[in-house]
Amino acid sequence: MSFLKGKTAIITGGGRPVPLKDGTPGSIGYGIAHAYAKEGANLVITGRNVKKLEEAKEELERLYGIQVLTVQADVNAASDNETVVQNVIDQAIKTFGRIDVLINNAQASASGVPLAAHSTEQFDLALYSGLYSAFYYMKACYPYLKETKGAVINFASGAGLFGNIGQCAYAAAKEGIRGLSRVAANEWGPDGINVNVICPLAWTSQLEQFKINYPEAYKANVHMPPMGHFGHTELEIGRVCVQLASPDFKYMSGETLTLEGGAGLRP
């Protein structure tokens with residue numbers, strides 16, 4: 001398949017995690033990377049862990065014959081974040097000459113901590129890695145996405161939609177991303193830029209660790225979807241992200257799409 005051949009996608013938080021037992025990519029970001037690589041897109045993947053980035057590059061280039069640019073980047077409270085992000089964009093343009101899709105997937109948080117016990121550092125971790133990261137990448141990518149009539153795909157969460165216990169900072173970051181995305185959809189729609197938000201529920205290595213480390217919070221917040229399985233990081237969530245990069249995509253820009261374990265898309 002070559003639906004995205006010749007296009008360039010930036011995926012934040014796209015390093016290769018430990019795969020799940022069935023071989024499924026162990027993170028949403030890496031599942032998306034596989035889906036895009038299968039369609040012929042060249043990729044720019046960012047993350048904090050150089051080893052995971054290099055492993056992702058080796059595997060994706062070997063399996064799909066595409067080109068992958070890896071850039072270590074971490075948006076946090078102690079960094080000059082605009083410089084960090086601009087370096088990613090500059091390297092992407094230098095290597096590929098264009099940016100067609102921005103996927104703001106990166107997010108860290110201290111889940112399982114009650115609101116009254118949350119520290120400022122824990123709150124900053126979620127807001128900087130998620131909300132501020134999306135803000136800086138969207139600003140830096142805007143002129144290039146305007147040129148290519150591209151797409152922005154952001155991630156919100158049921159944590160914000162439903163007020164999950166023990167996830168105040170994570171929920172705040174994700175709801176901020178939803179609001180930011182709606183504004184961008186209205187402001188950038190006339191430029192031909194499609195902006196959408198996905199609220200996925202996928203079985204990942206991170207969710208697996210959440211279940212082990214915070215069993216009570218997991219029990220309170222995570223429930224099996226009606227279809228009887230969690231979303232597949234590549235075949236369901238990754239493929240939705242491919243669809244959202246299509247100029248023929250029929251949903252209104254700015255919609256929030258909920259993907260819950262095979263239950264499909266609901267605006």
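This structure is a prediction, so every number in the text was calculated from the model and none was measured.
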Cluster check Ile93, Val88: I/L/V/M/F/W/Y, side chain < 4.5 angstrom: yes
Side chain proximity check, Val75 to Val85, heavy atoms < 4.5 angstrom: yes
Test log, rule side-chain hydrogen bond (donor to acceptor under 3.5 Å, both in side chains), inputs Ser181 and Asn154: CA-CA 7 Å; Ser181 303; Asn154 290 335; 2.8 Å; yes
Would you please name every residue forming a salt bridge (Lys or Arg N to Asp or Glu O under 4.0 Å) with Glu61, sequence neighbours left out? Lys57
Answer yes or no: is there a side-chain heavy-atom contact under 4.5 Å between Ile45 and Leu53? yes
Drop me the distance from Thr148's OG1 to Ile99's CD1, to the nearest 0.5 angstrom. 8.0 Å
Please round to the nearest 0.5 Å and tell me the distance separating atom CD1 of Ile165 and atom OG of Ser111. 13.0 Å
Flag, side chain of Ser129 to backbone of Ala108, donor-acceptor distance under 3.5 Å: yes
Cluster question for you: counting only ILVMFWY and a side-chain heavy-atom cut-off of under 4.5 Å, with indirect links fine, are Leu125 and Leu127 together? no
Could you tell me if the side chain of Gln107 sits less than 4.5 Å from the side chain of Phe155, heavy atoms only? no
Cys199 versus Leu161, closest heavy-atom pair with distance: SG-CD1, 3.8 Å
N/O donor-acceptor pair under 3.5 Å between Ser119 side chain and Gln122 backbone: yes
Audit row: Glu175, Tyr170, side-chain hydrogen bond (donor to acceptor under 3.5 Å, both in side chains) steps and yes/no: CA-CA 9 Å; Glu175 286 299 276; Tyr170 179 72; over 6 Å; no
For a 4.5 angstrom cut-off between non-hydrogen side-chain atoms, does Phe135 reach Asn81? no
4.5 Å side-chain heavy-atom contact, Ile10 and Cys141: yes
Check: Thr8 main-chain N/O paired with Asp100 side-chain donor or acceptor under 3.5 Å: yes
Do the side chain of Tyr36 and the main chain of Cys241 share a donor and acceptor less than 3.5 angstrom apart? yes
Results of salt bridge (Lys or Arg N to Asp or Glu O under 4.0 Å) for Arg48 - residues two or more places apart only: none
Apply salt bridge (Lys or Arg N to Asp or Glu O under 4.0 Å) to residues Glu187 and Arg182 and explain how you reach the verdict. CA-CA 9 Å; Glu187 291 184 354; Arg182 288 187 180 278; over 6 Å; no
Does the side chain of Arg178 reach to within under 4.5 Å of the side chain of Lys174, using non-hydrogen atoms? no
Going by distance alone, is a donor N or O of one side chain under 3.5 Å from an acceptor N or O of the other, for Tyr142 and Asp191? yes
Test side-chain contact (heavy atoms from CB on, under 4.5 Å) applied to His34 and Glu59, step by step: CA-CA 10 Å; His34 274 271; Glu59 183 170 74; 3.6 Å; yes
Between OG on residue Ser79 and CG on residue Asp74, distance to nearest 0.5 Å: 6.0 Å
Residue of the set Asn196, Val101, Val197, Ile103 for which side chain to side chain contact (heavy atoms under 4.5 Å, CB included) holds with Leu244: Asn196
Contact summary for Ser27 and Gly15, nearest pair of heavy atoms: OG-O, 4.2 Å
Could you tell me whether the side chain of Asn42 reaches within less than 4.5 Å of the side chain of Val68, counting heavy atoms only? no
Could you state the interatomic distance from NZ (Lys139) to CD (Gln86), rounded to the nearest 0.5 Å? 10.0 Å
How long is the straight-line distance from CG of Asn87 back to OG1 of Thr46, given to the nearest 0.5 Å? 11.0 Å
Would Ile32 end up clustered with Tyr64 when hydrophobic side chains under 4.5 Å apart are linked, directly or stepwise? yes
Main chain of Gly13, side chain of Asn105: is a donor-acceptor contact present, judged purely on distance under 3.5 Å? yes
Please report the closest heavy-atom contact between Tyr137 and Asn104, naming both atoms and the distance. CB-OD1, 3.5 Å
Between His118 (side chain only) and Val113 (backbone N and O only), is there a donor and an acceptor less than 3.5 Å apart? yes
Side-chain contact, heavy-atom cut-off 4.5 Å: Leu69 with Gln91? yes
For Trp188 and Met138, work out which heavy atoms get closest and say how close. CH2-O, 3.3 Å
Correct closest heavy-atom pair for Leu131 and Ala173 would be CB-O, 4.0 Å
Going by atom types alone, do Ser109 and Gln167 pair a side-chain donor with an acceptor below 3.5 Å? no
List the steps and the verdict of salt bridge (Lys or Arg N to Asp or Glu O under 4.0 Å) for Lys38 and Glu234. CA-CA 10 Å; Lys38 282 183 177 179; Glu234 178 195 339; 2.6 Å; yes
Leu43 and Leu60 have their tightest heavy-atom pair at CD1-CD1, 3.9 Å
Determine whether Phe3 and Ile153 fall in the same hydrophobic cluster, where Ile, Leu, Val, Met, Phe, Trp and Tyr are linked whenever their side-chain heavy atoms lie under 4.5 Å apart. yes
What pairs with Tyr144 under side chain to side chain donor-acceptor pair (under 3.5 Å), at least two apart in sequence or on another chain? none
Nearest-0.5 Å distance that lies between atom OG1 in Thr70 and atom CD in Glu55: 11.5 Å
Answer yes or no: does atom OH of Tyr132 have more than 12 heavy-atom neighbours from other residues, nucleotides or ligands under 6.0 Å? no
Take Lys149 and Ile193 through the test side-chain contact (heavy atoms from CB on, under 4.5 Å) and record every step on the way to the result. CA-CA 5 Å; Lys149 308 298 181 187; Ile193 301 172; over 6 Å; no
same_hphob_cluster(Ile66, Leu63) at 4.5 Å side-chain heavy-atom cutoff: yes
